[in-house]
Visitor: 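Take a look at this one; I'll ask things after.
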Amino acid sequence: MGTQQRMDSLQCLRGVAALAVVLFHLRGVEIKYLQGPAMLDAVARYADAGVDLFFVVSGFVMTTIAAGRYTKAGASAQFLVKRAWRVLPMYWIFTTLVVALMAVVPSMVNSSYAGQSVLASYLLIPHAQLPVLTVGWTLVHEAYFYLVFAGVIAFVPERFVPAFLLLWAAAIGVAPWLPPGPTTPAHVLVTNPLTYEFIAGALLGLYWRHIPARLGLPLVVAGVAVAVSAAVALPEAGPATMAVGTRVACFGSAAVLLLAGAVVWEARGGLRAPRWLTLLGDSSYSLYLTHIFVISAMGRVWAMFSPAPGWAGHLMFVVASAFACCVAGYIVHALLERPLLALPKRWGAARRQQAS
């Protein structure tokens, strides 16, 4: 695919999104293993909105890297191969770890997911239950978007891409008004309003350069304000439990505003990303895949020592667990993810050397 200029704002938002998901899941572990009122319960239930930010950023990246490649021979296949190599090897490694735990130490695995299909989990096939690596449900949505977008790259001229994206969004909007079809997992996936977030991000990737420079910071502020207002105003227990349409309207919109403001602000020279946050963004996929293992272990260890209940103990647990997740994510990124991503280039260089 075409060369994509690195944008630190994207990496920062990936880091924020991954850390938000960590806090969302850490809330459940805190409630399960620690005594007394949970410190994260009132706030972190809304942190699952990190997923909405991930989806919007993903759509943005797709149209950014595909620019100039539509309808060109081999571009679609190249897109799919690169996306598959980016996502699947790491996901398969940690899915295999869960499968091994299910076989050897089943008490370590959430028993409510005992009926999951291991094959569907590995292949990211829509299934009635969550994948065995539970965070993989978001990758099922990603895989669907990649497949559709590969078709766009193959068959849709670049000038018609915005029209296709709008028609795709319209089809999702019309779906609830059509005669009810089979409620299969695949049907639920293709009609899911969460796809609006990918589409919105993709459209933003096409048009963000037309946003006036002076709107960068105001859009960031607006995105944060929309998310906070939704969290305060909505009576539900957070994005994970509210109606999907409401979730997209509130937290998807906030993610679009935040992303639009961040990329414009950075492009105009106003945003200087802190190094630690860009590093967190670089390792965000590893953090996303590994944090469930880390916080589960932290919860069990903390329960064994049984610190005295109270806000100080809860605060120590939250800080220590979040820090451990970030460190583990970075180590896995540096020692496993980054070498895996570099393999295709190394193989290509070896083949060229042999040919010469």
Side-chain angles (χ1 to χ4, degrees), residues 4 7-21 24 46-67 138 141-142 144-146 148-149 152 161-173 192-234 238-240 242-268 270-271 273 277 281 284:
Q4 182 191 8
M7 301 178 72
D8 285 342
S9 56
L10 292 181
Q11 295 306 97
C12 288
L13 291 179
R14 283 184 172 124
V16 169
L19 190 56
V21 174
F24 174 74
Y46 299 100
D48 193 46
V51 169
D52 305 276
L53 182 54
F54 267 132
F55 286 171
V56 172
V57 169
S58 181
F60 181 95
V61 170
M62 293 308 98
T63 48
T64 303
I65 65 177
T138 62
H141 285 268
E142 292 272 1
Y144 164 61
F145 182 73
Y146 293 161
V148 174
F149 203 74
V152 173
V161 170
F164 176 87
L165 292 171
L166 291 174
L167 286 172
W168 188 8
I172 298 170
N192 197 308
L194 284 172
T195 303
Y196 285 133
E197 296 177 343
F198 290 104
I199 295 171
L203 287 168
L204 181 60
L206 295 173
Y207 293 113
W208 70 271
R209 291 179 179 83
H210 299 285
I211 300 174
R214 66 181 183 278
L215 295 182
L217 179 56
L219 284 170
V220 170
V221 173
V224 174
V226 169
V228 171
S229 298
V232 171
L234 294 172
M242 66 178 58
V244 180
T246 304
R247 171 180 187 158
V248 171
C250 295
F251 297 101
S253 298
V256 172
L257 291 169
L258 186 59
L259 176 58
V263 294
V264 170
W265 195 11
E266 179 186 10
R268 306 308 187 256
L271 177 63
L277 192 51
S284 59

Visitor: Could you please spell out the steps behind the side-chain contact (heavy atoms from CB on, under 4.5 Å) verdict for L194 and D52?
Guide: CA-CA 8 Å; L194 284 172; D52 305 276; 3.9 Å; yes
Visitor: Any non-hydrogen side-chain atom of V56 less than 4.5 Å from a side-chain atom of L258?
Guide: no
Visitor: Is any side-chain heavy atom of F164 closer than 4.5 Å to a side-chain heavy atom of V148?
Guide: yes
Visitor: Is the shortest side-chain heavy-atom distance between V224 and L257 below 4.5 Å?
Guide: no
Visitor: List the steps and the verdict of side-chain contact (heavy atoms from CB on, under 4.5 Å) for V264 and V220.
Guide: CA-CA 10 Å; V264 170; V220 170; over 6 Å; no
Visitor: Measure from the ring center of F145 to the ring center of W168 and say whether it is less than 6.0 Å.
Guide: yes
Visitor: S58 side chain to F55 main-chain N or O, any donor-acceptor pair under 3.5 Å?
Guide: no
Visitor: Working to the nearest 0.5 Å, report the span between OH of Y46 and CG of L234.
Guide: 7.0 Å
Visitor: A47 and A20: which non-hydrogen atoms are nearest, and at how many Å?
Guide: CB-O, 3.0 Å
Visitor: Heavy atoms only: give me the nearest R268-A213 pair and the separation to one decimal.
Guide: CG-CB, 3.2 Å
Visitor: Rounded to the nearest 0.5 Å, what's the gap from CG on L259 to CG on L10? Could you check?
Guide: 6.0 Å
Visitor: Looking at A231 and F251, what are the two nearest heavy atoms and their distance?
Guide: N-CZ, 4.2 Å
Visitor: F54 and V21: which non-hydrogen atoms are nearest, and at how many Å?
Guide: CE1-CG2, 4.4 Å
Visitor: Is any side-chain heavy atom of I211 closer than 4.5 Å to one of L204?
Guide: yes
Visitor: Hey, could you give me the SG/CD distance between C12 and E266, rounded to the nearest 0.5 Å?
Guide: 7.5 Å
Visitor: For M62 and F149, work out which heavy atoms get closest and say how close.
Guide: O-CE2, 3.6 Å
Visitor: Would a distance-only check, ignoring hydrogens and angles, find a side-chain to backbone donor-acceptor pair under 3.5 Å from S253 to A249?
Guide: yes
Visitor: Do the side chains of I199 and L166 get nearer than 4.5 Å, heavy atoms only?
Guide: no
Visitor: Would you mind reporting whether D48 and R247 have side-chain heavy atoms less than 4.5 Å apart?
Guide: yes
Visitor: I need the minimum non-hydrogen distance between A254 and V226, along with the two atoms involved.
Guide: CB-CG1, 3.9 Å
Visitor: Just so I know, are the side chains of L165 and L206 near enough to count as touching, which here means a heavy-atom distance under 4.5 Å?
Guide: yes
Visitor: I'd like to check Y144 versus F198 (side-chain heavy atoms, cut-off strictly below 4.5 Å). Are they in contact?
Guide: no
Visitor: Measure the spacing between CG of L219 and CZ of R214 and express it to the nearest 0.5 Å.
Guide: 10.5 Å
